[in-house]
*Asks:* 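Please read through the structure below; I'll follow up with questions.
Note that ligands are numbered from 1 as they come in the structure, with each ligand's atoms numbered from 1 the same way. The model shown is predicted, which means the values in this text are computed figures rather than measured ones.
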Amino acid sequence: MNFWRKQPAEFDFQISRVCKHCGNTFQGKYCNRCGEKVLEKRDQNFKNYLLNLLNAYTFVDGKFFNSLRTLLLKPGKITSDISEGITVPYMQPISFFFLANFIYFFFPVIQTFNTNLYNQLNKMPYSGFARGKVDEYLSKANISLSDFSSIYDLNSTGNSKLILFLFVLYLLPFIILTNYSDRINFVKYFHLSLEFVTFILIVPTVGMSLVTRGISVILESINSNWNGEIGDVYYSLFLALLIFCYFVPAIHRVIGFSWWRSVFGGFLLVSSLILVITIYRFTLFIVTLYLL
Ligand SMILES: [Zn+2]
């Protein structure tokens, strides 16, 4: 089934049509005054009707794959195209982000956007505050730390996937601060933030989950007893490098900085990720604690 491909064109673009909605006379598939689509015979065929429904959710017209390919191969191109008014080849950046977010739901291996209770209470700059809050909760609810811990971790994993959009909002001011240009408007910065977080979701998170899973399957098949964990420090450094290599060409393309300025801006932005992740994890802690 040529499910992925566009339907061949058999539409008469030459004849004049009257818009059913606004009465305007026009040529082509869409009314040039109100945007209403011409109802074609194949729209009323049930199979096409189902395909069109899917289309709304979007694999059929190839926009998802085109967005994905562009995201991976041409850093920053979606953002710069959208701000030039080229929107047809891509999914809406927000929809693309939420689709990536949805895919991320099924890849629990890597904890970039989640932190367990142990780390919240011991490894974060606000851990003292967190311990105080948890102690308060434990004495009020009258349960042990280990019981609480397992409930907390379960909820935190779920919440981390629901509040991911906050990461886009938290990253945004840091992009502006580290890569400010008065020629770039706020919406473009916002789209860039969306693109960066979508990239982080898809490549280092989902991609690396698949890669580590693949490696451990191979190693298990040759009876090695590697447990699929990568050392946290090496993994974080590798991740930072990967993200840096993505940010620099994206900044060069979108902001229009020279390569040197882009490298500098990319370096500052990747460094500030530590701060963004900390603020995000703090939010996650507060949300998880208060939703328990
Ligand atoms: Zn119309």
*Asks:* Would you mind telling me which of Lys188, Arg253, Glu195 makes a side-chain hydrogen bond (donor to acceptor under 3.5 Å, both in side chains) with Thr79?
*Replies:* Glu195
*Asks:* Given His252, which of Trp259, Phe257, Trp260 fulfils the ring-ring contact (aromatic ring centres under 6.0 Å, His included) condition?
*Replies:*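 Of the listed residues Trp259, Phe257, Trp260, the ring-ring contact (aromatic ring centres under 6.0 Å, His included) partner of His252 is Trp259.
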*Asks:* Which residues and atoms, counting only protein N, O or S, are under 2.8 Å from the Zn ion (ligand 1)?
*Replies:* Cys19 SG, Cys22 SG, Cys31 SG, Cys34 SG
*Asks:* Looking at every non-hydrogen atom in both residues, tell me the closest pair between Leu121 and Arg131 and how far apart they are.
*Replies:*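 Nearest heavy atoms, Leu121 then Arg131: O-NH1, 2.5 Å.
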*Asks:* For Thr283 and Tyr170, test the side chains for any donor-to-acceptor distance below 3.5 angstrom and give the result as yes or no.
*Replies:*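 Side-chain D/A pair, Thr283 to Tyr170: present.
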*Asks:* Quick check on ring-ring contact (aromatic ring centres under 6.0 Å, His included): which of Phe102, Phe165, Tyr104, Phe190 does Phe97 satisfy it with?
*Replies:*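 By the ring-ring contact (aromatic ring centres under 6.0 Å, His included) criterion, Phe97 pairs with just one of Phe102, Phe165, Tyr104, Phe190: Phe165.
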*Asks:* Evaluate the ring planes of Tyr280 and Phe167, with Trp represented by its six-membered ring, and classify them as parallel (under 30°), tilted (30 to 60°) or perpendicular (over 60°).
*Replies:*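 It falls in the perpendicular class, over 60°.
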